[in-house]
Protein chains: 2
Amino acid sequence: MPVKRHRQAPTQADVARRAGVSQATVSAVVNGRAAANRIPAETERLVKDAVRELGYAANPAARSLRGKGNRLLGVHTFEAVFPISSRDFYHEFLIGVEEQAVAEGYDLVLFTSTEGPNGQRRLYQADGSNRLKVADGSVLLGVAHDHSDLARLGRDGYPFVHIGRREVPGAEIPYVGADYAAGTRDAVAGLVALGHRRVGYLGIPHRVESLVDREAGYRAACAAAGIPALPVLMDGTELTPEWFDLAVGTGITAFVTEDEGLAGRLVEFAAGRAMGIPDDLSVITLRDTANGPYPGTPWSCLGIPRNEIGRAAVRLLISMLQAPPETRLGPATARAGGDPGGEATSVPQADPGGSDVDIVSQVLLPCTPPGAGTIAAPPRGNA
Amino acid sequence: MPVKRHRQAPTQADVARRAGVSQATVSAVVNGRAAANRIPAETERLVKDAVRELGYAANPAARSLRGKGNRLLGVHTFEAVFPISSRDFYHEFLIGVEEQAVAEGYDLVLFTSTEGPNGQRRLYQADGSNRLKVADGSVLLGVAHDHSDLARLGRDGYPFVHIGRREVPGAEIPYVGADYAAGTRDAVAGLVALGHRRVGYLGIPHRVESLVDREAGYRAACAAAGIPALPVLMDGTELTPEWFDLAVGTGITAFVTEDEGLAGRLVEFAAGRAMGIPDDLSVITLRDTANGPYPGTPWSCLGIPRNEIGRAAVRLLISMLQAPPETRLGPATARAGGDPGGEATSVPQADPGGSDVDIVSQVLLPCTPPGAGTIAAPPRGNA
DNA sequence: ATGAGTTGCTGATACGAAACAGCTAGGGGA
DNA sequence: TCCCCTAGCTGTTTCGTATCAGCAACTCAT
């Protein structure tokens with residue numbers, strides 16, 4: 001019984017044998033360097049026929065070992081991807097990522113193997129190995145609880161883009177995020193324009209960058225309007241009806257909140273006090289959500305351009321891949337839409353002309369302003 | 001100005017130099033073969049320290065080039081993944097795939113680059129190259145409109161598992177699917193047990209395997225019960241009120257339909273005739289769905305164990321990868337739950353003892369039986 | 001003292017593709 | 001005739017890792 005050493009994927013050497021040329025010639029032909037290597041059309045045809053007949057496909061491992069990319073973009077989320085995608089905050093980002101990957105002809109690697117026994121996903125394994133390196137570069141999603149991993153990734157020279165602004169001391173993290181500061185600032189300015197003079201701010205205790213930015217935007221708007229900044233960070237248990245009464249008693253006519261949970265509590269308390277939303281109290285949620293306080297009424301919430309952020313992240317990543325390594329970590333920063341009405345999105349891209357120009361590696365895209373749902377002019381007597 | 005050839009990721013050679021050992025020793029240590037290679041604990045510590053200090057991380061490309069797989073499983077869908085995932089028929093499969101991949105420590109490659117200008121995704125590019133080969137093996141989702149690609153994939157010896165039964169002449173396609181035949185048979189048998197004697201079958205014209213199976217199950221149930229099989233395949237436009245009146249006039253008291261669109265038309269017609277569902281007419285949908293005919297009433301529908309199918313597909317694929325290539329395409333077939341009540345899932349797996357046993361490469365998992373929503377005993381006079 | 005066996009490594013090689021240096025055959029000019 | 005040039009390739013090395021054969025040094029039994 002013959003032991004058939006069957007079905008090994010054909011290599012360039014196999015193709016070369018069949019076409020009667022050398023492996024180097026095959027390499028030249030399949031990489032489109034035929035003209036540059038002075039391969040005549042006849043030989044090229046010979047090789048291409050052999051490729052077709054054998055079903056040759058380049059081994060990506062070998063290519064990437066040799067320093068060529070393998071057109072693989074990694075997607076690392078710090079939580080599971082598919083299980084939560086429909087309800088997930090990150091799902092829409094992934095849509096953008098996939099769309100842009102399709103457009104650019106890259107495939108996506110979903111890093112799931114990085115999940116430890118505790119369910120947390122880390123960039124570096126316990127043994128120090130880093131799975132991300134199978135991909136040419138990666139998009140990082142979610143909040144890394146270990147910033148040192150991010151810094152290390154940068155030091156290793158691995159190309160990556162973080163979704164959401166991230167600040168790591170001593171490292172220049174490339175990111176694409178939403179401009180929460182400007183968005184919040186404009187939203188609060190909108191309240192002021194309606195006549196509100198005391199606008200409360202409800203935050204959650206966990207001060208990640210995206211929340212710090214919102215708070216900063218709030219403070220900026222208050223300063224610009226000459227009204228007091230009244231930020232309160234609470235962990236939910238402290239948000240009592242008594243506190244609410246006190247706050248409203250001081251003349252607060254509007255709240256901005258960092259999530260819809262806090263906003264929901266406000267609605268609850270207002271109902272208990274026979275106050276109507278938005279007629280007696282305006283509420284803006286700084287994180288967009290599908291639901292509203294009551295059926296038919298959506299929250300007035302800051303819109304996060306998730307899809308566009310996902311796409312921009314992939315564009316930025318690819319431009320980093322195409323740029324020479326030295327220019328990869330340029331500190332240039334773009335803040336698109338920082339001025340009200342400025343809708344032009346500063347798209348990160350390698351400079352088409354000179355190749356020694358830094359890539360804009362930190363991008364903030366403008367949020368869409370809150371809709372009318374839970375915003376109104378303050379009640380008379382408070383205006 | 002010094003040209004710093006900076007930030008190259010450290011290699012085993014670097015580690016070896018620092019630890020004062022050879023590269024081979026480093027390889028042994030980092031791969032846990034220290035004991036097998038008689039490396040003393042002292043040397044092992046030396047190496048591990050160097051690994052830590054340099055931040056060495058194995059290069060996955062080199063590793064997989066050397067014959068180890070790269071622990072990458074491909075996921076090829078014949079449509080886009082993320083954009084449709086929340087509402088998508090395939091989404092739940094992907095959840096299962098991801099969960100099992102996490103459990104087995106594999107990463108997932110989402111093939112998006114295979115999308116042609118027409119939006120269709122093909123396995124082989126025009127030039128004959130096949131991106132799937134980046135991954136050790138792949139899970140295929142959706143209906144390939146070109147069966148020859150599947151056959152070619154099999155001939156190429158590439159390990160893959162199709163989700164959903166697929167039949168290709170001259171090729172033994174490994175798959176994991178739902179046992180629609182048994183599920184439909186049992187569902188119809190259930191109707192018969194309730195007293196129905198004329199059960200109609202509404203199909204769509206496109207006869208893919210999964211629909212053929214349902215129809216076969218229907219015919220089997222009818223034959224077993226000694227009642228006439230009345231399958232009608234229509235393209236939707238033919239489903240008129242007149243036809244419905246005619247069908248009901250012949251004494252049909254129940255319908256099974258291949259999708260909820262057809263079932264919806266039935267409800268519509270029944271309403272026009274002042275017939276109640278399920279009191280005057282029972283309806284079973286052979287494809288599960290979140291919605292029902294009216295609020296509060298879910299369809300009685302065949303439940304597809306999507307999550308489990310996704311998981312089983314990954315398990316099968318991995319068992320194929322671990323088996324020697326010769327046994328990869330074993331024709332063995334498992335039909336789990338073919339007998340009513342048989343809930344044991346025949347899990348495909350490499351034989352733990354002898355390695356020369358074929359893998360069960362074609363698996364059908366049992367559907368969950370339809371619930372009570374739109375099923376009832378036939379009205380008196382028809383029973 | 002000698003051979004056998006063990007311990008603890010090292011050197012060489014292979015994996016598949018890409019890059020580059022260089023070789024040969026033929027033509028053309030001086 | 002000799003030299004140079006060019007077209008059209010080939011040979012060889014390289015990337016980082018895994019594996020295997022094998023070698024030096026030492027121990028132990030004979």
Side-chain angles (χ1 to χ4, degrees), chain A residues 5 8-47 50-51 54-72 127-131 133-134 136 156-158 325, chain B residues 5 8-47 50-51 54-71 129-130 133-134 136:
Chain A
R5 190 74 193 91
Q8 276 289 67
T11 71
Q12 285 188 352
D14 296 325
V15 175
R17 254 187 303 278
R18 186 166 237 268
V21 298
S22 75
Q23 175 264 325
T25 301
V26 175
S27 174
V29 169
V30 299
N31 287 291
R33 288 181 290 103
N37 286 31
R38 299 171 303 190
I39 313 274
E42 173 57 19
T43 305
E44 188 173 353
R45 257 188 44 78
L46 235 50
V47 171
V51 164
L54 294 180
Y56 167 80
N59 179 327
R63 296 188 107 248
S64 73
L65 180 57
R66 210 43 241 273
K68 306 307 258 187
N70 46 23
R71 292 195 87 76
L72 246 31
D127 67 352
S129 74
N130 180 355
R131 281 291 288 168
K133 295 187 181 177
V134 260
D136 295 347
D156 279 2
Y158 182 80
Chain B
R5 190 73 194 90
Q8 277 288 70
T11 71
Q12 285 186 355
D14 297 324
V15 175
R17 255 188 303 279
R18 185 165 236 268
V21 297
S22 74
Q23 174 263 325
T25 302
V26 175
S27 173
V29 169
V30 299
N31 288 294
R33 288 181 291 102
N37 285 31
R38 301 171 301 190
I39 313 273
E42 172 57 19
T43 305
E44 188 173 354
R45 259 188 43 78
L46 234 54
V47 171
V51 164
L54 293 180
Y56 166 80
N59 180 331
R63 181 183 291 238
S64 76
L65 179 57
R66 198 46 232 269
K68 313 299 261 187
N70 43 24
R71 291 196 88 75
S129 72
N130 180 357
K133 296 189 181 177
V134 241
D136 295 347

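Every value quoted in this text rests on a predicted model; they were computed, and no experiment measured them. Heavy-atom basis, side chains included; hydrogens, waters and symmetry copies ignored. Below, chains carry the letters A, B, ... as their sequence lines are ordered, and counting in each starts from 1.
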K.L.:
Do Asn31(B) side-chain atoms and Arg33(B) backbone N/O form a donor-acceptor pair below 3.5 Å?
P.N.:
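Side chain of Asn31(B) to backbone of Arg33(B): no pair is present.
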K.L.:
Rounded to the nearest 0.5 Å, how far does CG of Leu65(B) lie from OG of Ser64(A)?
P.N.:
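Output value for this atom pair is 8.5 Å.
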K.L.:
In whole Å, what is the span from the CZ atom of Arg17(B) to the P atom of dT10(C)?
P.N.:
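So the CZ-P distance, Arg17(B) to dT10(C), works out to 14 Å.
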K.L.:
Which distance, rounded to the nearest 0.5 Å, do you find between the OG1 of Thr25(A) and the CD of Gln12(A)?
P.N.:
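CD of Gln12(A) is found 10.0 Å from OG1 of Thr25(A).
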K.L.:
In whole angstrom, give the distance that lies between atom CZ of Arg38(B) and atom P of dC20(D).
P.N.:
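Rounded to whole Å, this separation is 13 Å.
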K.L.:
Determine, step by step, whether Asn59(B) and Thr11(B) satisfy the side chain to side chain contact (heavy atoms under 4.5 Å, CB included) criterion, reporting the C-alpha distance in whole Å, the side-chain angles of both residues, the deciding distance to 0.1 Å, and the verdict.
P.N.:
CA-CA 8 Å; Asn59(B) 180 331; Thr11(B) 71; over 6 Å; no
K.L.:
Which letters describe nucleotides 14-20 of chain C, given B = protein heavy atom under 4.0 Å from base, S = only from sugar-phosphate, - = neither?
P.N.:
BBBBBB-
K.L.:
Pick from Asp14(B), Val30(B), Val47(B): which one makes a side-chain contact (heavy atoms from CB on, under 4.5 Å) with Tyr56(B)?
P.N.:
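Among the candidates, only Val30(B) passes.
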K.L.:
Which atom names give the shortest non-hydrogen contact between Ala50(A) and Ala19(A), and what distance separates them?
P.N.:
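Reported closest heavy-atom pair: CB-CB, 4.0 Å.
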K.L.:
Just the rounded figure in Å: distance from P of dC20(D) to CD1 of Ile39(B).
P.N.:
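Value for this atom pair: 15 Å.
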K.L.:
Under 4.0 Å, heavy atoms only, any strand: does Thr43(A) hit a base, just the sugar-phosphate, or nothing?
P.N.:
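Sugar-phosphate only.
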K.L.:
Taking only N and O in the side chain of Thr25(B), is any of them less than 4.0 Å away from OP1 or OP2 of dT10(C)?
P.N.:
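For dT10(C), OP1/OP2 do have a side-chain N/O of Thr25(B) under 4.0 Å.
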K.L.:
Answer with base, sugar-phosphate or nothing: what part of the nucleic acid does Val21(B) contact at a heavy-atom distance below 4.0 Å?
P.N.:
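If one applies the 4.0 Å heavy-atom cut-off, Val21(B) turns out to touch the sugar-phosphate alone, with no base involved.
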K.L.:
How bent is the helix from dA1(C)-dT30(D) to dA30(C)-dT1(D), measuring the angle between the end axes built from five pairs each, rounded to 10°?
P.N.:
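Inter-axis angle at the termini of the helix from dA1(C)-dT30(D) to dA30(C)-dT1(D): 80°.
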K.L.:
Supply the atom-to-atom distance Leu46(A) CG to Glu44(A) CD, rounded to the nearest 0.5 angstrom.
P.N.:
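It is 11.0 Å, given to the nearest 0.5 Å.
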K.L.:
Which pair of non-hydrogen atoms, one from Val15(A) and one from Val51(A), has the smallest distance, and what is that distance?
P.N.:
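For Val15(A) versus Val51(A), the nearest heavy atoms are CG1-CG2, 3.8 Å.
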